[in-house]
Amino acid sequence: MIGTLVNTAAVLCGGVIGLLLKKRMPERVTTIYFQAIGLFTLAIGVDMAVEMEKILIVVSSLAIGSLLGEWWNLERGAEQISDNLKKRFRIGSEKFSEGLVTAFLLFCVGSMTILGTIQEGTGGSPDLLFTKSLMDFFSAILLASAFGLGVVFSALPLFIFQAALTLLAGYAGSLFTDEIILGLTSVGGILLIGLGINILGIKKLRIMNMLPSLVVVVLLIWIFG
């Protein structure tokens, strides 16, 4: 679990540094930051999705997962949680929810997260998560300087998500086959492309409602893979 702890600390530290930088940034600099982060997110998403295989399973996962997320209205639930946190801690940032969701998706849906937690959970070295921690540290600086305190709070769901994957890998590491990892990476990449579109303000997509696709793709590959 040391890799996840280091990763969480890296996001917290990077987020705090980003908050300090945000206070000194004029609006025009913040605007160009958003554009750069949006393009960066698109690039990561395309890179993750470009090696896609089992296209029918990926498409079916996105369709079924999106319908489930829309039925459960996950986006509204996330907004309510964010609103409660803002009231609880007296946070005035308008982009708190967007920062929380954006940071969590960027930090948690990549192949390094899956591979790193599986590697550590099955008794291997946490080196991959250490490398990810360094990358997330600098990403958190950029994100927090643009989105604010929501990025710092993303460290909590990041810890829960990665800790759960690590524990699951410890008990059932053999379930995470190469096909499942590729499926998760492909779906995650498509979600990041959508997130990049949101950040750039091209169109508002309900990405949070699409998150169940990450679970559906695992189930479909188990059944039909």
Side-chain angles (χ1 to χ4, degrees), residues 37-78 98 101-122 124 128-129 132 135 139 154 157-158 160-225:
I37 290 171
L39 291 173
F40 172 71
T41 305
L42 281 175
I44 292 177
V46 170
D47 183 61
M48 289 171 58
V50 72
E51 297 182 6
M52 186 190 308
E53 295 180 2
K54 299 184 181 297
I55 294 177
L56 284 178
I57 287 181
V58 172
V59 171
S60 299
S61 300
L62 286 166
I64 296 171
S66 298
L67 289 173
L68 288 173
E70 195 68 29
W71 179 31
W72 295 328
N73 205 357
L74 297 180
E75 188 119 340
R76 179 56 189 155
E98 189 177 357
V101 173
T102 298
F104 173 73
L105 288 175
L106 275 175
F107 295 149
C108 292
V109 303
S111 57
M112 286 187 74
T113 301
I114 301 165
L115 293 173
T117 52
I118 292 173
Q119 181 175 303
E120 186 174 26
T122 52
L128 192 57
L129 286 180
K132 177 180 178 292
M135 296 169 62
S139 296
S154 72
L158 177 147
I160 294 172
F161 181 77
Q162 290 193 180
L165 280 181
T166 302
L167 292 173
L168 180 60
Y171 288 105
S174 60
L175 296 178
F176 290 92
T177 63
D178 290 341
E179 287 186 336
I180 286 176
I181 292 172
L182 182 57
L184 283 169
T185 301
S186 299
V187 173
I190 293 171
L191 295 183
L192 285 183
I193 291 172
L195 186 62
I197 291 172
N198 280 354
I199 295 172
L200 291 171
I202 298 171
K203 185 176 178 61
K204 177 63 176 176
L205 303 177
R206 293 194 289 273
I207 300 300
M208 180 62 70
N209 285 352
M210 300 179 188
L211 285 181
S213 305
L214 293 168
V215 177
V216 175
V217 72
V218 173
L219 296 176
L220 290 183
I221 291 176
W222 276 345
I223 296 171
F224 301 108

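Keep in mind that what you see is a predicted model, and the values were worked out from it rather than measured.
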Got a second to check how far L191's CG is from L214's CG, nearest 0.5 Å? 5.5 Å

Please round to the nearest 0.5 Å and tell me the distance separating atom CD1 of I37 and atom CG of L195. 10.5 Å

Hey, what do you get for CD (E120) to CG (L167), rounding to the nearest 0.5 Å? 10.0 Å

Once side chain to side chain donor-acceptor pair (under 3.5 Å) is applied, what residue pairs with a partner in residues 204-219 remain, sequence neighbours excluded? E70-R206, E70-N209

Minimum heavy-atom separation for E51 to L182, with atom names? O-CD1, 3.8 Å

List the residues meeting ring-ring contact (aromatic ring centres under 6.0 Å, His included) with F40, not counting sequence neighbours, and say none if there are none. none

Closest approach of M52 to S186 (non-hydrogen atoms, all atoms of both residues): CA-OG, 3.5 Å

In Å and rounded to the nearest 0.5 Å, what is the CD1 to CD1 distance from I180 to I114? 10.0 Å

Report the C-alpha separation of I57 and V217 in whole Å, then their side-chain angles, then the decisive distance to 0.1 Å, and conclude whether the side-chain contact (heavy atoms from CB on, under 4.5 Å) test is met. CA-CA 7 Å; I57 287 181; V217 72; 4.1 Å; yes

Indicate the atoms forming the closest heavy-atom contact of Q119 with L128, along with that distance. NE2-N, 4.2 Å

Would V215 and L68 count as a side-chain contact (heavy atoms from CB on, under 4.5 Å) if you check the C-alpha gap in whole Å, the side-chain angles of each, and the deciding distance to 0.1 Å? CA-CA 11 Å; V215 177; L68 288 173; over 6 Å; no

Taking T113 for its side chain and F107 for its backbone only, find out whether a donor-acceptor pair lies under 3.5 Å. yes

Tell me, do V101 and I207 make a side-chain contact under 4.5 Å, heavy atoms counted? no

Nearest 0.5 Å please: distance from the CD1 atom of I190 over to the CE atom of M210. 10.0 Å

Return yes if some donor-acceptor pair links the side-chain N/O of S66 with the main-chain N/O of A63 below 3.5 Å, else return no. no

Can you check whether L42 reaches L200 side chain to side chain, under 4.5 Å on heavy atoms? yes

Closest non-hydrogen atom pair, L105 against V109: O-CG2, 3.0 Å

Closest non-hydrogen contact found for L192 with T41 is O-CG2, 3.2 Å

Kindly compute the distance separating CG (L74) from CZ (R76), expressed to the nearest 0.5 Å. 13.0 Å

Using side-chain heavy atoms (C-beta onward) and a distance below 4.5 Å, is L220 in contact with S60? yes

Between C108 and F161, what is the shortest heavy-atom contact and its length? O-CE2, 3.3 Å

